[in-house]
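Okay, structure first, notes after.
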Amino acid sequence: MTNTPRITVAYGDGIGPEIMEATLQVLHAAGAKLEYDVIEVGEKVYQSGNLSGITDEAWATLQRNGIFLKSPITTPQGGGYKSLNVTIRKTLGLYSNVRPTRAYAPYVKTWFPDMDVVIIRENEEDLYAGIEYQQTSEVVHSIKLITRMGCEKIIRYAFAYARANGRRHVTCMTKDNIMKHTDGLFHQVFNEIATEYPEITTDHYIIDIGSARLADDPGRFDVIVTMNLYGDIISDIAAEVAGSVGLCGSANIGDNFAMFEAIHGSAPDISGLNLANPSGLINAACMMLVHLGQGEVSARIQNALLCTLEDGIHTGDVYREGHSAAKAGTREFAAALIERLGKEPKRFTPVRISTDKPIHLKPVERRKSVMQCVGVDVYVHHDGDPQSLGHALEQAAAGILSLKMMSNRGLIVYPERVADGQLTDQYRCRFCASVDYTVPVSQDAIMQLLMAIHGAGLEINKTEFLYTDNGKRAFSLGQGER
Ligand code: NAD
């Protein structure tokens, strides 16, 4: 019986094999307790006709070992190939994407020497649920899917991460001034969970000004938790302003699985030339060691990495004539780091790992509330004017439900047109039993209504039921609706 963890390793494409080779040498020299199985993913698998970039056998290995250290892969353009990263994140339930980004000033050039921010991005939901439809010749919809469970998991993870790593402030970023239900839920859950962590201060930024501040003054942020799409964008902004994409690692964490990788891609332009900076993957491997309870080994490696940078041994992406002492290739950089294992940096603050345990969250309690249907939005394909459609619908719905309003591209066009925008060929037609949405609407009434609209020769292409949640309106009003 051995308690040495067995992980899965993929060498990936482009510079992947070079930086993985360097990383495994560093892990070995630092005394990491690891065994590993190597799987093939990426370009070669795609080229063999497998559209997902991963074989069933490799899946089995991943699922058995639980922990995955992955080099970047090249995703072929077009041709129906699926992004392997998105597939792995969703299939293994890797709900949290953790990306620490710090400055290495004055050794690596940056405008922001105080930058030290961790972005924690929700990884499974939002527009990345990939639910999109074309409904008419002109109209496509994408579903922004947010669940209370998803919000709770990622936000609680962010606070637990802050506490475990001695961080004091968590910022939430959303766009809840516009998306009051989806982003509003994320912000509301953030406020609720913040009360469980009284020692951590918090604030909230609307994502647009938040991103601008992150680009202009990243030193003001500590931990940022945000939704999938915003997190994708701001974590690249953060990496870019910190110095080099070659330096950052990331962790994708789930309840039972975790994947660690550099944030950059396979860099085909420098592949095979011994030019790549292996620090991103080495930093990712250090996060993996903490996750595996080997925080001490992780700190040893991180301190040796800081010493290497302090000594001016730099790969080409961060090398500066006059500032750096030596330009190192991938292999030479790894060898220099290995030589410095056991040393602590003089100018950088040495790394102390404050936790030796991975963060495990209690399962989210399912929420129960009283959901009452109070209406329905029926989407109708119509090329003509709104008045003729409105009259036809009023006639069809007579005695069943009332037509409260119709909107086109979100703007109300019936009973009165409140704005002058150009119209498209899909109308959202809102029916209810009372204009203040206090009277319940039965499923029978909705079915009758749909049959009546169909019977009037109109083409329905989507419906959305309108609910109250514990008596509170749980849908947005049309722009201009009262
Ligand atoms: P990239 O990150 O590979 O390269 C962008 C630039 O940064 C290039 O100039 C490159 O030389 C440089 N660079 C990247 N990593 C470096 C390192 N470690 N050291 C020194 N310089 C480095 O981005 P790209 O060119 O847009 O993408 C190339 C391929 O990588 C694409 O096929 C893309 O789909 C894939 N990709 C994979 C992942 C992943 O597997 N996680 C992530 C992003 C991109």
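Both backbone and side-chain heavy atoms feed into the values below; hydrogens, waters and symmetry mates do not. Read the numbers this way: they start at 1 and go in the same order the structure lists the ligands and their atoms.
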What do you reckon, does [X] have a nitrogen or oxygen under 3.5 Å from a nitrogen or oxygen of ligand 1?
X    : answer
G265 : yes
I73  : yes
A267 : yes

Do K462 and E464 pass the salt bridge (Lys or Arg N to Asp or Glu O under 4.0 Å) test, and can you show the C-alpha distance, the side-chain angles, and the key distance before you say yes or no? CA-CA 7 Å; K462 179 179 163 127; E464 289 283 356; 3.3 Å; yes
Cation-pi between R148 and F190: NZ/CZ under 6.0 Å from ring centre and within 45° of the ring axis?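 No; the conditions do not both hold, so R148 does not lie above the ring face of F190.
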NZ or CZ of R102 within 45° of Y104 ring axis and under 6.0 Å: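 Yes, cation above the ring, under 6.0 Å and within 45°.
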Applying salt bridge (Lys or Arg N to Asp or Glu O under 4.0 Å), run through D37 and R64 and close with a yes or a no. CA-CA 10 Å; D37 295 309; R64 189 175 62 240; 3.7 Å; yes
Interfacing atoms of ligand 1 (cut-off 4.0 Å, heavy-atom, [X]):
X    : result
T74  : 32 (O)
T75  : 32 (O), 34 (O)
A276 : 19 (N)
K70  : 39 (C), 40 (O), 41 (N)

Result block: side-chain N/O donor-acceptor pairs under 3.5 angstrom for residues 258-272, not counting sequence neighbours:
residue, atom, partner, partner atom, Å
E261, OE1, K70, NZ, 2.8
S266, OG, T74, OG1, 2.8
S271, OG, G14, O, 3.4

Looking at the rings of Y379 and Y133, which for Trp means the six-membered one, are their centres under 6.0 Å apart?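 No: the rings miss the under 6.0 Å criterion.
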Residues in ring-ring contact (aromatic ring centres under 6.0 Å, His included) contact with Y36, at least two apart in sequence or another chain: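 Applying ring-ring contact (aromatic ring centres under 6.0 Å, His included) to Y36 gives none.
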Taking a cutoff of less than 4.0 Å between a non-hydrogen atom of the residue and any ligand atom, is P268 in contact with ligand 1?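 Judged by the 4.0 Å heavy-atom criterion, P268 does count as contacting ligand 1.
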How does [X] reach ligand 1, if at all, at less than 4.0 Å between non-hydrogen atoms: by side chain, backbone, both, or neither?
X    : value
I19  : neither
N277 : both
L84  : neither

For a quick test of reading the model, state the closest non-hydrogen atom pair linking Y157 to S96 and the distance between them.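 Closest approach of Y157 to S96, heavy atoms only: CD2-OG, 3.3 Å.
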